[in-house]
Peer 1: 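Here it is, the structure in full.
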Amino acid sequence: MKKILLQLVVAASVANVSAATARDSISIVGSSTVYPFATVVAERFGKSSNFSSPKVESTGSGGGLKLFCKGLGVATPDITNASRRIKKSEYDQCQANGVTDIVEVLIGYDGIVLANAKGAEPMQLSRKDIYLALAKLVPGADGKLIPNPHKTWQDVNPDLPATKIEVLGPPPTSGTRDAFAELALEGGAKKIDDIKTLRELKADQVDEIEKMVAKLGIEPAWAAAVEKKGAKATGKDVVKIIGRSVREDGAYIEAGENDNLIVNKLKANPNALGIFGFSFLDQNADSVQGSTIDGNAPTFEAIASGDYVVSRPLYFYVKKAHIGTVPGIEEFLTTFVNADTIGEDGYLIDKGLIPLGEEAYETMSSSAIALSSLEM
Amino acid sequence: MTEQITEATPMKDTTRSLREARLKKRHAAEKRFQWYGRLSIAFGIACVLFLFYDIISKGHGAFFQTYINMEIEFDGEKLGLTPDSSEEEIRAASFNSFFKKTLREKYPAAETRREKSQLYAVFTSDMPLILRDMVIADPSIIGTKQTVSMIADDDTDVYVKHALGTDSDISRMGDFQRSIVDDLHQRGMIEKKFNAIFFSNSDSREPELAGIRGAITGSFLTLMVTLLMSFPIAVATAIYLEEFAPTNKFTDFIEVNINNLAAVPSVIFGLLGLAVFINFFGMPRSVPMVGGFVLTLMTLPTIIISSRASIKAVPPSIREAAMGMGASKVQTVIHHVLPLAMPGMLTGTIIGMAQALGETAPLLMIGMVAFIVDVPGSVTDPATVLPVQIFLWSDSPERAFVEKTSAAIMVLLTFLIIMNSTAVWLRKRLERRW
């Protein structure tokens, strides 16, 4: 008898769910980098308004956009965060699934730092140094790209200390890793003359590309680019593949997505460098120090002005069709773009977000409040 | 035969010495073997002690929170309120500027913008809201002076706990903020109290306001669903397989599968849950009900296996006696076998539940790893669970979350120890031997 009752209860609760078609709290997914900022806004929004606090999931930028673009309706999220801009392919996916009107909001920037323990010698690196130290393939004596032979920082650049190259960073699934590979590694690869030349070759200059590829000895990368893009493959695509591959011989250590863990490991190993977001450097400024990159230290001001080059934009995207269906989306958007939140003195700035410039902020906030749809 | 023995007599001494040597060797081997065992146990205990030491030394601080006792005058004029103001009027009043003004009056030294913002940052950012709630609860305090126990900001808290009176620059506070905290300390206004917030609040991005109530409620709801689903199904399966099912290839196949399932990594059940419950049946993400279903899949094999073992342990004589008295097969099982097997089944269930309580991986897949401020009220509200809360906090940049993480681990371990010792106690207490 009791068991039958239990089964009834379970059946009833199942039925209850299928009946629950409405949702009264905003559902947010997306980037783990934006997560610490979005959650603060969500919490304050819940406390200061009559709406319930939005639910924020950390799924990664790509995972978030995938869920976001799945379609309309309460089962899909209303907002997704991203630590990069939406890609054309993702935008098309959205359109195909009926998510036609998307509002794009740029909230600010995040710097990626290469840091070591305080007390160790501060490093002064260039993007080229980073490329030569961490890329899978680097130019050898004859100009051909060879598997990275560099063991110490001094091998890379005689001005650097003779310590072993040991860098702790996030795994390939991480947006931080993507951005680091793109901005620091590929940015450094571009400083090598031959790679720079190759990068400027267009799809119709196949002969020149092939000549350059042969000179650099990177036929497999060219084949991969052709396989991916077909006749449209350019020199840039090849450089993307070469520039963004990280060496796998132990010099780059995948330390998981947990940035706190990397900070702790740096404290234990003064020779190691770690890669993580600026907010973690800011919070742990007593125990770790950021390396300068191309002559600029990772400070708040340098990232905001763009002088510190390894930084990326942070976005969130709103599904316009859900405004009016799920209560509070428009109000949440307004709260987020308010100057108290992401302006020069906003509370997210205290949490480590790098603000937009004044002009950029004005343009962004007015277009966000007007709910202008994104065109791509 | 006798000849042989007499022949062997002269060799006796050698045989004895050989035998004794061998015996000694065997004793030594036994001793060694025992020592290996002892060493492994010692190693295990050392690991556990180290874990406990690490967690407790990091986490004990989280059970205390720094408060600042300050006298605040609820000036009716500044607030634009009278003791007779209605709740709407109080809600509309600007407690934010009132609070900032009060602080500036107490510390006129704060002149520049930077200094002012450092002054406000000594206290939690929710302070104006807390003052407002005080006034709503008792409007008669308007126009009076009250000593308010104000919650310190996480940076202040870390500083007071670890760096007060030392030169260490552990906190990220500015010099001015530091001088204010030092001054408050000298005037004896800083007090460390038991951190009730940790148990009464849900997740928050402000470490001083973050608590585990939401996560504990989520865990409770999820486990309830798991228990309601898995216990009846597992017991029914176990009884049928043990008592009624014919032994043939098909039941063998089922048995092999159940044992296999018990060894499947839990994250796979999460993927299954995502595909079946969320994508196919269209259930919402991040809710305890789906979490409970997924954990049911995970705990079912554990409970089935232990239930079958305890049914098997009931001696056949009891079944035969019942049958002999004219009971039907069902009556035999329900009246005699089941009650006798129940302690074993319950033990298995509790252990299964303890496993489910500590599980994170499958919940990642179904969206229960989320920032949720509101305490879930039903199994269909978005929720998170205790281990997930630990995971989320461990990845937060704010330093004050380090101790919160360890404190939450301590709470989780407490629950696990209670559940597992209940299982042991039940087994000792109720188990019958035949």
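Numbered from 1 within each chain, the chains take letters A, B, ... in sequence-line order. The figures here come from the full heavy-atom set of this structure, side chains too, leaving out hydrogens, waters and symmetry mates.
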Peer 1: Heavy-atom pairs under 4.5 Å with chain A: which of B:S396, B:S117, B:P382 has the most?
Peer 2: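 Top count of heavy-atom pairs under 4.5 Å with chain A: B:S396.
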Peer 1: If you count heavy-atom pairs under 4.5 Å between each of B:A121, B:G367, B:S125 and chain A, which one has the most?
Peer 2: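 When all of B:A121, B:G367, B:S125 are compared, B:G367 has the most.
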Peer 1: Heavy-atom pairs under 4.5 Å with chain B are the metric here; pick the option from A:L261, A:V56, A:V40 that has the most.
Peer 2: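 Of the candidates given, the most pairs with chain B belong to A:V56.
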Peer 1: Go through A:R44 and B:R205 one step at a time and tell me if the side-chain contact (heavy atoms from CB on, under 4.5 Å) criterion holds.
Peer 2: CA-CA 9 Å; A:R44 297 211 180 196; B:R205 282 312 317 275; over 6 Å; no
Peer 1: When heavy-atom pairs shorter than 4.5 Å are enumerated against chain A, which of B:L364, B:D126, B:L129 gives the highest number?
Peer 2: B:D126
Peer 1: Taking only residues at least two apart or on different chains, which pairs with a member in residues 48-71 of chain A satisfy ring-ring contact (aromatic ring centres under 6.0 Å, His included)?
Peer 2: A:F45-A:F51
Peer 1: B:S286 versus A:K55: any side-chain heavy-atom pair under 4.5 Å?
Peer 2: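 Counting from C-beta outward, B:S286 and A:K55 do come under 4.5 Å.
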Peer 1: What part of A:L67 gets within 4.5 angstrom of chain B, counting heavy atoms only: side chain, backbone, both, or neither?
Peer 2: side chain
Peer 1: Which region of B:T384, side chain (C-beta onward) or backbone (N, CA, C, O), has a non-hydrogen atom less than 4.5 Å from a non-hydrogen atom of chain A, or is it both or neither?
Peer 2: neither
Peer 1: For B:F220, does the CZ atom have more than 12 heavy-atom neighbours from other residues, nucleotides or ligands under 6.0 Å away?
Peer 2: no
Peer 1: Using modelled atom types and a 3.5 Å cut-off, is there a donor and acceptor pairing between side-chain atoms of B:D374 and backbone atoms of A:S53?
Peer 2: yes
Peer 1: Inspect the surroundings of NZ in A:K267 and state if more than 12 heavy atoms from other residues, nucleotides or ligands are less than 6.0 Å away.
Peer 2: yes
Peer 1: Evaluate whether atom CZ of B:F391 has more than 12 neighbouring non-hydrogen atoms of other residues, nucleotides or ligands under 6.0 angstrom away.
Peer 2: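 No.
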Peer 1: Identify which part of B:I278 has an atom lying under 4.5 Å from any heavy atom of chain A, answering side chain, backbone, both or neither.
Peer 2: neither
Peer 1: Hey, could you give me the OH/CG distance between A:Y35 and B:L392, rounded to the nearest 0.5 Å?
Peer 2: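 The distance works out to 4.0 Å.
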Peer 1: Determine which pairs satisfy salt bridge (charged side-chain N to carboxylate O under 4.0 Å, His left out) with at least one residue from residues 275-288 of chain B, sequence neighbours left out, and list them in order.
Peer 2: A:E57-B:R285
Peer 1: When you measure from the side chain of B:R399 to the backbone N and O of A:N284, does any donor-acceptor pair fall under 3.5 Å?
Peer 2: no
Peer 1: Is chain B contacted by the side chain of A:P54, its backbone, both, or neither, given a heavy-atom distance below 4.5 Å?
Peer 2: backbone
Peer 1: Relative to chain A, which segment of B:N279 carries a heavy atom at a distance below 4.5 Å: side chain, backbone, both, or neither?
Peer 2: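 The answer is the side chain of B:N279.
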Peer 1: So for A:T39, is it side chain, backbone, both, or neither that comes closer than 4.5 Å to the heavy atoms of chain B?
Peer 2: both
Peer 1: Heavy-atom distances under 4.5 Å only: say whether B:L209 touches chain A with side chain, backbone, both or neither.
Peer 2: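 Contact with chain A: side chain only.
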Peer 1: With a 6.0 Å cut-off (strictly less than), is the heavy-atom count around NZ of B:K116, excluding the residue itself, greater than 12?
Peer 2: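 Counting other residues, nucleotides and ligands, NZ of B:K116 exceeds 12 neighbours.
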